[in-house]
Structure formats: structure tokens, C-alpha cells
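Just so it is clear, the model here is predicted, and its values are computed rather than measured. In the text below, chain A, chain B and the rest are named by the order of the sequence lines, each starting its count at 1.
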2 protein chains.
Amino acid sequence: MMLAICPRAELLARWRKAFPEGRVLATIPRAPLTVAPSQLWLHADGIADPDLGRRVAALVAVCPGVPVVVISTAPNQYRALLALEAGASGFCHALAAPELMQQVATVVAHGGLWVGPELMKRMLGAVTARLDQGGGGSVADLSRLTPRERAVATEVSRGATNKEAARTLGITERTVKAHLAAVFEKFGVRDRLELVIALRDPLAAPARSVA
Amino acid sequence: MMLAICPRAELLARWRKAFPEGRVLATIPRAPLTVAPSQLWLHADGIADPDLGRRVAALVAVCPGVPVVVISTAPNQYRALLALEAGASGFCHALAAPELMQQVATVVAHGGLWVGPELMKRMLGAVTARLDQGGGGSVADLSRLTPRERAVATEVSRGATNKEAARTLGITERTVKAHLAAVFEKFGVRDRLELVIALRDPLAAPARSVA
DNA sequence: AAAAATATTGAACCGGTGGACAGGGTGGGC
DNA sequence: GCCCACCCTGTCCACCGGTTCAATATTTTT
């Protein structure tokens, strides 16, 4: 049995179309339900970011083993991640097509996880960026640098100023600048900030307008 | 129709039990198949790391729209990520229970993505670590900022200069500086570089010696 | 209504940053 | 020997970034 949780039932029009047999509760039940639902759909509108994780966690605690899907009329990646980390099995738009919702239901019913394509891409990028660590193909590949350039780039990417990097590396500030200039050139970035961004997130596109 | 790709058919014992109707090819077909399969299962044993991504990508290219699942007798997170990034829809153990394989098949057939629970956890951890840190009370929590401060912080953390941020937000450079100063104060960082580091990796300790 | 928080802007100051000129030293390959 | 890549350093200068004086208007909270 499908169970949706939403204080304002009119927000669930799409959901009701997808699951005509589904039932709706206004709030998160505190005690375990007598009849355990097969899935829980939580409408996240009106739940502030800091609370979203807690609400989802509460739901999971009340109905252990039951997949939780969070829906929202204003979804974003950040909230999706909050929900997923709290134990949700999926996150989709509250105004999504009923067919899509049914697909999501099928996937999570089988223990799968539903995330939108953009979020998936982002997650993959984030993780592989960590695993790779100079592993290949990315814009900012530390292995393309000379040892000294790499050392300077590392210091700077930790937040050090030129003077501090010079001190820790035992060279003059001027030399740090020289190495850094070479790094900028090789990576095609204009300053240390973009260097850090490139190093930490190779998939991130520069924000600046390429005029 | 299920289609498995594996040079040594004896490695597919479990898979055959899960999908008795499935067919097997020894190698990745070069031309599109006359009868498009509903799913493609690629056995990754014997494929080196650098090649795995290419093989999967090749499969996806040959059969566009068909979900690809990679199986292996020695699975690890890194290889799973390689496969997923190349466009695979799932990654599971070649010796998994046939019932599990059938579940995976159901999930990916509906456009879902199948990743093991450990990998999922890891991915979530990596992503949320750079978006915020999901836990509250951490150093750089964007929700602690006012909307305007957040907007400025976001622009800057993308690599924008003060001037650029001012332009995109429709305010003067001076106002950007004001908001930014407030952000620095709230997060306890001294400049935009540390802000980016704090936002993208809250666990990283500052490099500078607090003398 | 009073107080606090938020959003906006100005001028001036100074240190950090990056580019534009430089040049000298070392070690390896042709 | 010559060239090249790498490492190190110097000076000058325009620009950017962050802070320190401000001040005013709007919104929210108490």
C-alpha cells in the first residue's frame, strides 16, 4: 500500500493519478503503523533544508525497511542529497508525470535508488574526482606539472598565500610566483581560485562569461 | 531479450539461472544488432581498468537506450565508478544470487540505477561533503547565510571576481565586498580562497600555521 | 514602536596577486 | 658543445581583495 505524507492534499494531484489506491497522511506518524505501507512518499514543500534530513530519518525510523521517496515542487540537488543521505530511496518532482512516478515506485520497490540524471552525473563526477586524484584526462592533472610546480600548486590549493608557500618550500616569494604562473598557463586558469576549483572539481565549468 | 557478453560462458552460471532465456555473446558486437536486446550484461573479468570505461562506452554506443549492467567476480568501487561514468546502469557481483540479479534487471529496466549500498554511501558522502556537510553545525554551512550573502558566496565559489559577481547580481562591487566580508566573518575564513576550500571540503584543515 | 537584521553604497588604504620585462645556474640529451 | 627543460631570483607596476572608516533604506523581530 502506497502512503503519501503531505499536509496539503491538493499538492498530491499527480501522485493520486499515479497511485489511485494510495493513502495520504497529513503528518509523519510517531508510532509504527498497524499496517506497514509498501512505500512512503514525503512531500518536502514547506520543510526547511535543515529539517528535511531529520524528517526523512524519522520516517525511516518509524517504518524500517520501507523505501522512502521525497517529492517537491521545487527540487534541487542539495535537497535531494539531504534526503538521500538521510536514507531516502528517491527524489523526484511533485509535478512529474504519473508514469514517471510509477517507474520510480517500481525501481525503489526493488531496492533500487532513483536519482535524476543531472544529480547522478554530479555525484559520479564528485566521486571519481576524489578517486582519480591526478588520474587522467581531467583539465587539472597534477601529473602534468613538474615536481616543484606541483608542490607550489598543492600549497596554494590548501589556501596558502605566496609568502606562506615560499616559507614552507624554502624558496623566495618570487619563485613561487614563477612556478604558479607556469601552473596557471598549463591548466588554463587565470588565478589561484580557479586553480583550486579545477583541482577539486575537474568537471566544474568556469562561471565567467567567455567574452 | 537479455544479452550477456562474456568470452568464457562458464562464468555466467549464476546469470543463466537468473535469466534462462538470455543469450550470450563472446565479444562486444561492432555493428548494431538486428534484434535489439532489452538489457546488456557485460562481464568485466579480464578487462583492465583503463579499458573498462571504453568497453562500456562502446556497448552503449552500439545499443543506444539499452541499459548496461556490469558484473564481475572481483568488484570494487573504483571499477564500479568507471563503469557508471561510462554510462552503465548498474554494477553487481557475478556470483550474486539469481534473485538479486533479477531485481537489478527490474530496476535498470525501469531506468533506475543499481549501485551497491557501500558504493552509494561513499558517493553520497563525497558529494555532500562538498555541497555542505549534511550534519549541521559545521564550519561552512550555506544555510547560515542570508540569501544575499549566499548568492555572493555561490558566485565567488564558482571563481567569479568581485566585479563579475557584482555584475551578475546587479549590485555594485562595494556591496559584494560587504556581503563577502560578512560571509568571511561567519565562516571564520580570511579570504575567498579559504571560503572555496571550506565550502568544497569542510574536513580539510587550513594549511597555515595559526601562530 | 523600538530594536535588530538585512541590503545597499561611497572613499580611502594597503597588502596580496599576477604579468612584464629581466637574468643565472644545473643537468640531461643530441 | 649546444640546446632545452627545470629551478631559482630580481624589479616594477597595474589591479584585485579585504578592511576600515562611514551612511541610508527596507524588512523582520521583539
Options [options], nucleotide nearest the side-chain atoms of [X]:
X: B/Ile171; options: D/dG18, D/dC8, C/dT9; value: C/dT9
X: B/Thr161; options: C/dT8, D/dG17, C/dG19; value: D/dG17
X: B/Ala181; options: D/dC8, D/dT19, C/dT9; value: D/dT19

Under 4.0 Å: is that the gap between some side-chain N or O of [X] and OP1 or OP2 of [N]?
X: B/Arg190; N: D/dG18; result: no
X: B/Thr175; N: C/dT9; result: yes
X: B/Lys177; N: D/dT19; result: no
X: A/Arg174; N: D/dC8; result: no
X: B/Thr146; N: C/dA5; result: no
X: B/Asn162; N: D/dG17; result: yes

Could you state the atom-to-atom distance from [atom1] of [X] to [atom2] of [N] in whole Å?
X: A/Arg167; N: C/dG16; atom1: CZ; atom2: P; result: 14 Å
X: A/Glu164; N: C/dG16; atom1: CD; atom2: C1'; result: 11 Å
X: B/Leu193; N: D/dG17; atom1: CG; atom2: P; result: 12 Å
X: B/Lys163; N: D/dA14; atom1: NZ; atom2: P; result: 15 Å
X: A/Asp191; N: D/dC16; atom1: CG; atom2: C1'; result: 10 Å
X: A/Arg192; N: D/dG18; atom1: CZ; atom2: P; result: 11 Å
X: A/Glu149; N: D/dA5; atom1: CD; atom2: P; result: 12 Å
X: A/Arg148; N: D/dA5; atom1: CZ; atom2: P; result: 20 Å

Practice problem: Determine the contact category for B/Ala182: base if any of its heavy atoms lies under 4.0 Å from a base atom, sugar-phosphate if only primed atoms, P, OP1 or OP2 are that close, otherwise nothing. | Solution: nothing
So which heavy atom on [X] is nearest to which on [Y], and how close?
X: B/Val196; Y: B/Val156; answer: CG2-O, 4.2 Å
X: A/Ser38; Y: A/Met2; answer: OG-N, 4.0 Å
X: A/Val24; Y: A/Trp15; answer: CG2-CZ3, 4.1 Å

Any salt bridge between A/Arg167 and A/Glu164, counting N to O under 4.0 Å?
no
Does CD belonging to B/Glu10 count more than 12 external heavy atoms closer than 6.0 Å? yes
Of B/Val176 and A/Val189, the one whose closest nucleotide on DNA chain C sits nearer the 5' end is B/Val176
